[in-house]
Amino acid sequence: MDFLDLENKLKKVLSVTLTDSAGLMFFGTNKYADLSTNFLFLIRKLRTVKDDEVLDGIRASVEQDDELKESISSITILKNGFVNFSVSNKFLENGMNGLLKSGGKPIFDNKSEKVNVEFVSANPTGPLHYGNARSVYGDALANVLKLAGYDVTKEYYVNDAGNQINVLADSVFSKYLELQNLKPLELTESYQGEYITDIAQEILNKDFDKWNSIDYRDYFKKFSVECVIKLIKEDLAFIGIKHDVWVFETSIVEFVPHALRVLENKHLIAKGKLGKIQSDKGLESNEDLLLFLGSKLGDEDRALTKPDGSYTYFANDIGYFYNKLDRGFKWLIVILGADHDGYIKRLYNAVTQLKDDIRMDIKTCQVVLFQKNGENIRFSKRLGNALSLREAVESIGFSVSDFIDSNSSVNTDSTDYNTGKDIFRFMMLNKSLDTHYTVNADKLTEFSMENPFYYLQYAHARISSLVNSTDISQQINLDSLTDSMIELLKLLLNWRKCIESVVRTLEVHKVIHFLLDVAEQFHAIWNEGKIDKSKKWIVDNLQTTHDRVAFASIVGKMIKEGLNVLGIDAYDRL
RNA sequence: GUGCCCGUAGCUCAGGAGGAUAGAGCACAAGAUUCCUAAUCUUGAGGUCAUGGGUUCAAAUCCCUUCGGGCACGCCA
């Protein structure tokens, strides 16, 4: 039993007297109480009541439920109208020993619902760049959902069928010619960057001269995409991401007709003209196209075919999501870049029409702005001047190493950790996806050393040093804890509530903020012990010491579990 | 012009299914360690929550106006 359970139980009891429980809210541990509710405000709206009578009513309800009765020690109503609950020592002690048993891991029922989380899905035309930084959010979100009992699949969709793949193939081929001192292609559009040369060189090393004479494209496409995907996988591994499934656009086109048939049966497809033809791209003729009638769903009509009869990207996407549903997923989550914002509406409209009783959430991440010398940096993948994801991560890791080397009091064992990856993930997961986040490149060191990352790690390291020297049994007595420790315990009992909130809002950064709150209280308690010896974790009394250290171990495990869910290591030493 | 996101302390950002005196880190000022890791803690200063209206017992939070910034507005992907 923790605060999540307590709330749910109280909600059930209290909503009986309300016609509509939608507005019934609970406020977690605050300076007024362990748990508060706006119940009285709501009941006042329904009828004129006397506060005391409402209070008696609540007390009577609580009395009738054994668990509530045991968990709640007092209920009061303040003049301003909040109903405040205090929890009993029994609740705290039971909750604490529950946490001890579960080892910091929030326990949820197995929901066994299949969830697909698609993220990154960058076009396979080059290594990942800094703009893909926020993809770790999708990774962490998938982890949290897994923790909350869902059957989660992390997926990457590879757009290996579009025109930009032709551009990639041409770029590589052109470089391939150049390496042989032959005349390169004259391309209006091409990808630059070392990796293009690397790929071309690799083909050259294999002595594939024959491709000069016949249609080179198919071969160069296939080979180049393979190479680039390898690069992308390495980049992802570098920041701790591994997708469960990679789906190729070329492999799902067969599903497109099936998907379109479903929409057709719902009269959402028709032949027609869009009437918005630009005349400068050789598309003067306004031919009849297959259209998705988004106008029926609050959007605009969208083309499903091109004049040559082939499917548009949109049509292929519908086929792809049909395929996802075909694989049994009930909840589809997609993390897109802000530049795909205008695409969301049509995708959502089409996909949610494919099947009943599914849930779809499309989240966009706003751009991470990168500043150097006080100026914003713009990147272009085409020009090859993009700061790569890898460079960004390494630069963080290196600045940390530099600091460690120059500071003799620091234990250099920490170089065992992939600090760059960990800090990078922490930075990205610490902010809401909606925020327009600015990273100052000139202050990467500052970001490394002054950011809350180490604050949190330091708490974990301190706990590790305590726990290592003590054997921990299965039982902790509440009496052994100081008041501040009990306050911290109350916070810990909100852990599942935090996870539940992430599941509801899909906002992973709440996890870090929760952990930082925990660390803050922990550090404060630690320093109390410096002023008052009786408040230290390790004291003269053996039993007290055991109980306190055991409690600290819960805090440590929770921090570790929380960080691990986010794909970040918890450090035992700094 | 239209759509989405944002505007909270000097800076970077939390808080946002409405709720009690608006928070953190950095930067700034002053303190704390003979003893569990001072990468810590305590205290201080710093705010018209962009603006103007509306809904409500209650608005940083919800709705509308205006202003400012970001990202998009193809039969490309």
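In the text below, chain A, chain B and the rest are named by the order of the sequence lines, each starting its count at 1.
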Heavy-atom donor-acceptor pair, A:His436 side-chain to B:C5 base, under 3.5 Å: yes
field: Donor/acceptor link under 3.5 angstrom from A:Lys530 side chain onto base of B:C41
entry: no
Quick one: which of [options] gets closest to the side chain of [X]?
{"X": "A:Asn527", "options": "B:A77, B:U40, B:A72", "result": "B:U40"}
{"X": "A:Lys45", "options": "B:C57, B:G19, B:G15", "result": "B:C57"}
{"X": "A:Lys431", "options": "B:A38, B:A14, B:C76", "result": "B:A14"}

Distance check needed: [N] [atom2] versus [X] [atom1], whole Å only.
{"X": "A:Asn541", "N": "B:C36", "atom1": "CG", "atom2": "P", "answer": "19 Å"}
{"X": "A:Lys345", "N": "B:C4", "atom1": "NZ", "atom2": "P", "answer": "7 Å"}
{"X": "A:Leu433", "N": "B:C71", "atom1": "CG", "atom2": "P", "answer": "17 Å"}
{"X": "A:Phe26", "N": "B:G18", "atom1": "CZ", "atom2": "P", "answer": "15 Å"}

- request: Go ahead and name the base partner of B:G7; Watson-Crick or wobble counts if both distances stay under 3.5 Å, otherwise write none.
  value: B:C67
- request: Determine whether the side chains of A:Gln521 and A:Asp517 contain a donor N or O and an acceptor N or O closer than 3.5 Å.
  value: no
message: Does A:Lys345 qualify as a cation-pi partner of A:Tyr348, given the criterion of NZ or CZ under 6.0 Å from the six-membered ring centre and within 45 degrees of its axis?
response: no
query: Between B:C49 and B:A30, how far is it from one P atom to the other, in whole Å?
result: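 B:C49 and B:A30 have their P atoms separated by 31 Å.
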task: Find which nucleotide of RNA chain B each of A:Gln366 and A:Asn84 is nearest to by heavy atoms, and output the residue with the more 5' nucleotide.
output: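 Result of the comparison: A:Gln366.
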query: Hey, which of these two, A:Leu42 or A:Thr435, hits RNA chain B nearer its 5' end, going by closest nucleotide?
result: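 Between the two, 5'-proximity favours A:Thr435.
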- prompt: Reckon A:Asp434 touches a base, only the sugar-phosphate, or nothing at all at heavy-atom distances under 4.0 Å?
  reply: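 If one applies the 4.0 Å heavy-atom cut-off, A:Asp434 turns out to touch the sugar-phosphate alone, with no base involved.
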query: Heavy atoms under 4.0 Å, any strand shown: does A:Asn80 hit a base, just sugar-phosphate, or nothing?
result: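 A:Asn80: base contact, heavy atoms under 4.0 Å.
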message: Is there aromatic stacking of A:Phe41 on B:G19 here, judged by a ring-centre distance under 5.5 Å and a plane angle under 30°?
response: yes
message: Can you tell whether the side chains of A:Asp301 and A:Lys296 come within less than 4.0 Å, N to carboxylate O?
response: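 Not counted as a salt bridge, because no side-chain N and carboxylate O are separated by less than 4.0 Å.
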